[in-house]
Amino acid sequence: MSDRQEAAVQKTLQNLRAQRRNRFRILACIDGSEQSLVTVRFAARFSVQDNCDLIVLFVRPIDSGLQSGGLQVRLARENMLEAGFELPGVTHLKQAIDILKEEGIDVSGWPKEAQRSEAWGDPVGDNKLEFRSPEGRAVVLKLKTAPDVANGILDQYELGPYNLIITGEPSRWRGEFMAFFGSGVVQTVTTMAPCSVLVARNSLERRGFFICTDGSSRSMQAVRRAAVLADVTGEPITLFSVADSEAGKPAAEEAVANAKALLKAMKIQVADTKVAVGRPAEEIVERGSLYKVIVVTDEGRTRLQRLIRGSTATEVVRKARTSVLDVR
């Protein structure tokens, strides 16, 4: 590619990313299990406005034994999502379309465009099928090839950007020390993603956002952003703060009062406020278990910092019995 062509491509990508920043973009990750499809339902219920785009992602490993004869040739020439292949990932992405329809997002009449690109020398490559509504909303099915699932998800963010990544419940979660030697998909994505991450559990039938705050400026920003999402989706808001001792209870009460005042200025109603004394992660997990979503603020710590100082947000994501939104 010549320098002029490279410059033109980069300019196009910059313009595309600038356009996307003006929209609320959700990346819902599925892995082929029925349980993982809860991410699609959450994404649909969060995408209530026309300025929301929803991308459903399935990451498959490089070359799953597909390099054989005529199939390899067809894979190299056709988009799997359009050609009718019933291979891993394709069927599950098509299931996502049915779920979106159940949730009120019917893309069957929207114009669509299929694209395929080379990736990692794999015969399948990356495939996507984009549906676009008359109002400009995009729903995209993406079959991505990557060396491993976590890196595939994080690489997809770089093609975004996204405001929110939704993953399923973690199958395993290592301690901070052992995580240096490898961690599961959800743990890697939750700790490494540049944007907010929702770890989705089967809590869709519950009500309310349980928004936690410690009074810091970082936490107040998280309160503001989470409250907007709760308000748009019609979920009642409970504000919560934990003091580690009775002496710290007035500061926790002040944190909740300040958060409530902030939301009042934004004309967002707060249904309830709560304060507790104890270990923050334990109190948040126990008291937030009956809500649809627990909201915590990511501390922005590196793995080494988390190993030394710990992380309330990470501990809540790991131990919670309901869905957790880790806000960045």
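- Taken to the nearest 0.5 Å, the CG atom of L204 stands 7.5 Å off from the CZ atom of R41.
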What verdict does the side-chain contact (heavy atoms from CB on, under 4.5 Å) test give for C212 and V242, after you've listed the backbone C-alpha separation in whole Å, the side-chain angles of each residue and the deciding distance to 0.1 Å? CA-CA 8 Å; C212 306; V242 185; over 6 Å; no

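- Clustering ILVMFWY residues whenever any of their side-chain heavy atoms sit less than 4.5 angstrom apart, transitively, puts V48 in the very cluster that holds L198.
- Inter-residue side-chain proximity for T297 and M220 is flagged as unmet; no heavy-atom pair is nearer than 4.5 Å.
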Take L290 and R206 through the test side-chain contact (heavy atoms from CB on, under 4.5 Å) and record every step on the way to the result. CA-CA 7 Å; L290 298 179; R206 301 172 192 170; 5.8 Å; no

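- Across all non-hydrogen atoms, the minimal contact from V186 to G168 is CG2-O, 3.4 Å.
- A 4.5 Å side-chain heavy-atom check between V185 and T167 finds every atom pair outside the cut-off.
- Between F240 and R287 there is a side-chain heavy-atom pair separated by less than 4.5 Å.
- In this structure, the side chain of D53 engages the main chain of A138 through a donor-acceptor pair within 3.5 Å.
- Here the straight-line distance linking atom CZ of F210 with atom OG of S289 works out to 9.0 Å at 0.5 Å rounding.
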Please determine whether side-chain contact (heavy atoms from CB on, under 4.5 Å) holds for the pair L93 and V56, giving the CA-CA distance in whole Å, both sets of side-chain angles, and the decisive distance to 0.1 Å. CA-CA 7 Å; L93 287 168; V56 183; 3.8 Å; yes

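- At a threshold of 4.5 Å between side-chain heavy atoms, the hydrophobic network of Ile, Leu, Val, Met, Phe, Trp and Tyr places F24 and M266 in one connected group.
- To the nearest 0.5 angstrom, L325 atom CG is 6.5 Å from L164 atom CG.
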Using a 3.5 Å cut-off and no angle test, enumerate the donor-acceptor pairs between side-chain atoms of residues 221-231 and protein atoms at least two apart in sequence or in another chain.
from, atom 1, to, atom 2, distance (Å)
Q221, OE1, R224, NE, 3.3
Q221, OE1, R224, NH2, 2.6
R225, NH1, R328, O, 2.2
R225, NH2, R328, O, 2.8

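- A cation-pi arrangement is found for R25 relative to Y162, the charged atom lying closer than 6.0 Å to the ring centre and inside a 45° cone about the ring normal.
- K260 and L239 get closest at one heavy-atom pair: N-CD1, 3.5 Å.
- Side-chain atoms of S323 do not come within 3.5 Å of backbone N or O of A200 as any donor-acceptor pair.
- In this structure a side-chain-to-backbone donor-acceptor pair under 3.5 Å is present from T39 to C29.
- A distance-only check finds no donor-acceptor pair linking the side chain of T322 to the backbone of S203 [under 3.5 Å].
- The existence of a salt bridge linking E205 and R207 is excluded, since no basic side-chain nitrogen approaches an acidic carboxylate oxygen closer than 4.0 Å.
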With side-chain contact (heavy atoms from CB on, under 4.5 Å) as the criterion, how do V296 and V324 come out once you've worked through the C-alpha distance, each side chain's angles and the decisive distance to 0.1 Å? CA-CA 7 Å; V296 291; V324 180; 3.9 Å; yes

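- Note that CG of D155 is 11.5 Å distant from OG1 of T145, once rounded to the nearest 0.5 Å.
- You'll find the side chain of V107 reaches within 4.5 Å of the side chain of I97, heavy atoms only.
- Residues H92 and I30 come closest through the heavy atom pair O-CD1, 3.7 Å.
- Ion pair R132/E113 not flagged as a salt bridge, since none of the NZ, NE, NH1 or NH2 atoms sits closer than 4.0 Å to an Asp/Glu carboxylate oxygen.
- Residues D214 and T312 have side chains not in contact (no heavy-atom distance under 4.5 Å, counting atoms from C-beta outward).
- Here the closest non-hydrogen pair linking I165 and A193 is CD1-CB, 4.0 Å.
- Atom OG in S33 sits 10.5 Å away from atom CD in E169 (nearest 0.5 Å).
- Ionic pairing of K274 and D272 is present here: one or more N-O contacts between side-chain nitrogen and carboxylate oxygen are shorter than 4.0 angstrom.
- The closest side-chain heavy-atom distance from Y157 to L27 is not below 4.5 Å.
- Annotation: side chain of S219 is in contact with side chain of T213 (closest heavy-atom distance under 4.5 Å).
- Rounded to the nearest 0.5 Å, atoms OG1 (T233) and NZ (K292) are 7.0 Å apart.
- Salt bridge E286/R321: present, at least one basic N to carboxylate O contact under 4.0 Å.
- One N or O on the side chain of R137 and one on the backbone of S47 form a donor-acceptor pair closer than 3.5 Å.
- In this structure, N127 contributes its side chain and R116 its backbone to no donor-acceptor pair below 3.5 Å.
- Checked against S196 for a side chain to side chain contact (heavy atoms under 4.5 Å, CB included), the options V295, D298, V327 give a single hit: V327.
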